[in-house]
Number of protein chains: 4
Amino acid sequence: MKKPNRADAQRNLDALLEAAKVVFGRSGVDAPVRDIATRAGVGIATVYRHFPQRAELIAAVYRREVDGCAAAAEALAREHPPFEALTHWLHRFTRLIATKRGLAASLNHRDSAYQALPAYFRVHLEPVLRSLLDAAASQGQVRDDVDAYELLRGVANLCVALADVGPGHSQRMVDLLIDGLRHGAVSGSRLRSVGR
Amino acid sequence: MKKPNRADAQRNLDALLEAAKVVFGRSGVDAPVRDIATRAGVGIATVYRHFPQRAELIAAVYRREVDGCAAAAEALAREHPPFEALTHWLHRFTRLIATKRGLAASLNHRDSAYQALPAYFRVHLEPVLRSLLDAAASQGQVRDDVDAYELLRGVANLCVALADVGPGHSQRMVDLLIDGLRHGAVSGSRLRSVGR
Amino acid sequence: MKKPNRADAQRNLDALLEAAKVVFGRSGVDAPVRDIATRAGVGIATVYRHFPQRAELIAAVYRREVDGCAAAAEALAREHPPFEALTHWLHRFTRLIATKRGLAASLNHRDSAYQALPAYFRVHLEPVLRSLLDAAASQGQVRDDVDAYELLRGVANLCVALADVGPGHSQRMVDLLIDGLRHGAVSGSRLRSVGR
Amino acid sequence: MKKPNRADAQRNLDALLEAAKVVFGRSGVDAPVRDIATRAGVGIATVYRHFPQRAELIAAVYRREVDGCAAAAEALAREHPPFEALTHWLHRFTRLIATKRGLAASLNHRDSAYQALPAYFRVHLEPVLRSLLDAAASQGQVRDDVDAYELLRGVANLCVALADVGPGHSQRMVDLLIDGLRHGAVSGSRLRSVGR
DNA sequence: GATGAATGAGTGTTCATTCAT
DNA sequence: CATGAATGAACACTCATTCAT
């Protein structure tokens with residue numbers, strides 16, 4: 001009931017992010033704001049103070065993981081041949097998306113409150129995937145006419161499945177998509193940038 | 001105010017389906033029940049009488065199109081080589097899904113009210129797709145280790161994208177998935193059924 | 001908790017209007033919708049069903065009184081000379097406005113939700129006042145260049161005073177305004193209609 | 001972040017008043033405190049420190065203008081005959097009120113937070129108006145039985161109109177009220193003070 | 001003095017669902 | 001069979017105000 005303010009600001013923010021992560025995992029990213037506030041032991045307005053737009057909270061919650069996913073690309077590119085690096089990374093991205101209940105779906109929300117989310121993904125992950133794609137394409141292992149952002153969204157969309165379809169579904173579908181990337185590959189192909 | 005008789009009952013049901021189709025197209029399948037009732041010129045309870053579960057209404061609305069999609073397979077199989085038949089049909093299915101706002105997403109609803117929907121799709125479309133897949137696989141044009149229902153759902157999921165990603169996105173992603181089907185193909189392969 | 005529906009509809013609506021009248025009187029016309037619903041022993045959505053816009057509720061609450069005020073003009077015109085009839089009627093209108101806490105102020109709300117209110121007043125009371133004004137003007141007892149609706153609003157505005165200024169304030173100010181009407185009067189003056 | 005000193009204190013206060021003026025003009029005197037603080041580049045608590053009651057801020061914002069309005073009376077009285085002086089001053093007062101969005105209405109707020117506002121007006125403007133009234137009354141140009149404060153509030157109330165009624169509405173209504181003042185005038189009348 | 005984070009009550013509004021007629 | 005009034009839980013969001021630093 002009494003809550004100090006200045007010094008614990010950071011603590012509160014941490015609690016908020018942690019609570020949001022739990023609640024998102026349990027109830028999806030559309031969970032009531034109050035649930036998150038309550039679980040964080042924080043007033044509801046505090047959530048709005050830090051994250052006026054819901055998508056900003058979502059982005060913040062997954063920021064570390066998104067950043068981690070983006071960062072992983074470099075190591076993968078170093079330690080693996082292009083195509084394997086690409087594959088591994090897409091799998092990693094798949095895990096990122098598939099385990100976050102509702103994250104994938106919320107990328108497609110028409111609501112203006114959610115526009116920040118795809119933007120965040122685009123900014124942080126598209127360049128990474130583009131690099132991996134280009135590298136693999138330059139070796140003729142995958143086709144070179146696939147837009148990185150589209151692929152990103154495609155993979156994400158494949159991960160929206162919840163129950164019903166069995167476990168591993170997302171994984172298998174993404175694998176299929178990856179195989180699709182290999183199909184039109186041409187050795188020694190020229191890199192072609194495809195706008196959307 | 002209106003004295004109902006048997007003839008009106010059918011008329012009501014037709015109006016209901018027509019109204020639901022329009023409303024679904026405009027506002028998505030999560031549109032308020034009241035909107036549909038109003039547009040159908042029918043009491044709201046009438047909607048509930050006919051379709052206690054929302055998913056039943058959705059299924060009913062798209063029944064004809066789903067049936068049509070299922071039925072189209074036979075002709076395609078007759079007039080095209082196996083792989084082309086498969087491709088054409090998946091494109092047809094894509095159109096079915098992609099143009100119905102929110103249909104794809106609602107297939108993934110955890111809500112018990114929606115469980116009838118994937119069931120309906122499974123019953124009517126999985127066998128059809130399985131046939132097409134088997135035919136193509138038996139000729140070595142596509143791999144034979146892909147579960148038909150999974151593929152169905154995968155394609156549907158690729159169609160959930162709304163704005164943001166450009167037009168044609170679903171189409172391109174589905175094409176990519178189809179290419180993936182071709183990748184592991186082995187001539188003369190044995191049909192293998194993959195349970196979920 | 002249990003509330004029958006069809007037959008008691010009218011009873012509910014009456015309760016609603018009665019409750020709204022009390023609440024408006026106590027807390028002004030901006031009172032929380034919930035207060036009214038509670039006092040009427042009715043669910044909150046019932047209020048919204050009957051009066052989606054707040055101003056519609058206000059108008060409905062005062063409809064009888066407004067209508068009564070409008071109707072009174074005829075008798076006044078019959079039983080009194082023009083100027084007296086005008087004066088009496090304006091006093092009656094003053095009482096209507098002055099005793100309804102916040103009514104006058106809500107006529108000036110910029111909010112679109114309140115636009116129905118001035119419209120209602122205009123439709124029902126402007127013609128009445130115009131008649132009275134014309135009659136008095138044709139006898140040279142009041143000036144003939146005053147727009148009826150403007151006067152209506154002016155009188156209403158003079159009644160927004162709440163506390164602070166003593167009792168009878170509105171009355172006295174309106175009297176002053178009426179005296180103003182007499183000032184520019186010219187015998188045998190031509191009626192002139194003044195648009196806004 | 002900012003190390004305050006005495007000079008900054010005054011600067012803050014100035015910024016506050018300036019910001020409040022702008023915000024009041026744009027959003028009315030009920031505008032969120034935060035808006036003002038933000039625009040002033042000042043912490044929100046600083047606003048509360050200087051003006052614990054909202055009405056005090058309002059009064060402070062318009063103090064200069066109110067004082068100016070009060071001061072103008074003297075010159076008007078010197079340069080014009082009593083009635084003209086009175087008229088000119090009321091028009092000046094009208095402009096003061098009519099151009100400050102929501103000022104007039106806030107004079108009628110029942111809220112305890114606003115009690116300082118009418119008090120401020122009363123203290124600074126009532127004596128001035130009383131003088132003008134008395135002067136005109138002593139020459140028989142206006143009636144002598146009108147309470148100055150009541151008239152002040154009456155004129156203010158006539159200026160609450162926002163949209164709907166056409167431009168110039170306040171002006172015309174105030175003119176009408178002024179005409180009313182002339183009506184009961186008696187040459188050589190005894191000054192009579194009317195308490196509230 | 002100044003700060004601004006935190007608070008939480010308050011309010012409008014929506015919608016699925018029930019049930020007496 | 002059909003109706004549509006009634007319900008109330010649910011949720012988003014705002015804002016005045018306090019208080020430890």
Side-chain angles (χ1 to χ4, degrees), chain A residues 1-13 16 30-35 37-38 40-50 52-54 113, chain B residues 1-6 8-9 12-13 30-35 37-38 41-50 52-54 111 113, chain C residues 1-13 16 30-35 37-38 40-50 52-54 113, chain D residues 1-6 8-9 12-13 30-35 37-38 41-50 52-54 111 113:
Chain A
M1 197 154 284
K2 213 190 323 193
K3 187 59 69 163
N5 26 19
R6 195 84 112 228
D8 285 352
Q10 183 58 43
R11 199 186 312 278
N12 269 353
L13 205 150
L16 207 48
D30 291 320
V33 176
R34 203 168 258 109
D35 286 3
T38 301
V42 146
I44 197 175
T46 303
V47 184
Y48 281 94
R49 157 174 289 274
H50 288 296
Q53 301 283 347
R54 185 189 214 91
Chain B
M1 194 156 287
K2 217 199 301 194
K3 187 146 55 71
N5 55 37
R6 296 308 148 85
D8 277 350
N12 271 353
L13 205 146
D30 291 319
V33 177
R34 167 97 24 113
D35 287 4
T38 301
V42 147
I44 198 174
T46 304
V47 183
Y48 278 90
R49 164 170 300 278
H50 287 297
Q53 300 285 343
R54 184 189 214 91
D111 212 314
Chain C
M1 195 152 285
K2 208 181 339 182
K3 187 63 64 165
N5 27 20
R6 196 83 111 227
D8 286 352
Q10 184 58 40
R11 198 185 313 278
N12 269 352
L13 204 150
L16 206 49
D30 291 320
V33 178
R34 228 178 229 93
D35 287 3
T38 301
V42 146
I44 196 175
T46 303
V47 184
Y48 279 94
R49 156 175 289 275
H50 288 296
Q53 299 285 346
R54 186 191 213 90
Chain D
M1 196 156 284
K2 216 201 299 197
K3 185 145 55 71
N5 56 36
R6 296 306 147 88
D8 277 349
N12 272 352
L13 205 147
D30 291 320
V33 177
R34 167 103 16 117
D35 287 3
T38 301
V42 148
I44 197 173
T46 303
V47 184
Y48 278 90
R49 163 169 301 277
H50 288 296
Q53 300 286 342
R54 184 189 214 94
D111 212 313

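First the proteins, then the strands, lettered A, B, ... as listed; each starts at 1. Because the structure is predicted, anything quoted here is derived from the model rather than measured.
- Within the 4.0 angstrom heavy-atom criterion, only backbone atoms of the sugar-phosphate kind lie near B:R54; the bases stay farther away.
- Between C:L13 atom CG and F:dT7 atom P there is a gap of 12 Å when expressed in whole angstrom units.
- In this structure, D:D35 places its CG atom 15 Å from P of F:dT17, rounding to the nearest Å.
- Look at CD on A:Q53: it is 13 Å from P on F:dA12, rounded to the nearest Å.
- The distance from atom CG of C:L16 to atom P of F:dA6 is 9 Å, rounded to the nearest whole Å.
- Rounded to the nearest 0.5 angstrom, A:I44 CD1 and A:T38 OG1 are separated by 7.5 Å.
- Below the 3.5 angstrom threshold, one finds no donor paired with an acceptor across the side chain of C:R34 and the base of E:dG10.
- Position along DNA chain E of the nearest nucleotide to D:T46 versus B:I44 favours D:T46 as the more 5'-ward residue.
- Positionally, the nearest nucleotide of DNA chain F for A:D30 lies more toward the 5' end than for the other of D:P52 and A:D30.
- Of all non-hydrogen atoms in B:V33 and B:R54, the two that sit nearest each other are CG2-NH1, 3.9 Å.
- Following rounding to the nearest Å, A:N12 (CG) and E:dG4 (P) show an atom-to-atom distance of 17 Å.
- Taking only side-chain atoms of A:A45, from C-beta outward, the nucleotide of F:dC15, E:dG12, F:dT3 with the closest atom is F:dC15.
- In this structure, the nucleotide among E:dA2, F:dT18, E:dG12 sitting nearest to the side chain of C:V33 is E:dG12.
- Note: CD (A:Q10) to P (F:dT21) measures 17 Å, nearest angstrom.
- Protein atom CG of B:D111 is 14 Å distant from nucleotide atom P of F:dA10, rounded to whole Å.
- Atom-to-atom, NE2 of A:H50 to P of E:dT7 comes out at 9 Å; the value is rounded to the nearest Å.
- Figure legend. E:dT21 is base-paired to F:dA2; pairs are counted as Watson-Crick or G-U wobble with both atom distances under 3.5 Å.
- Atoms CG and NE2, from C:L16 and C:H50 in turn, are 6.5 Å apart once rounded to the nearest 0.5 Å.
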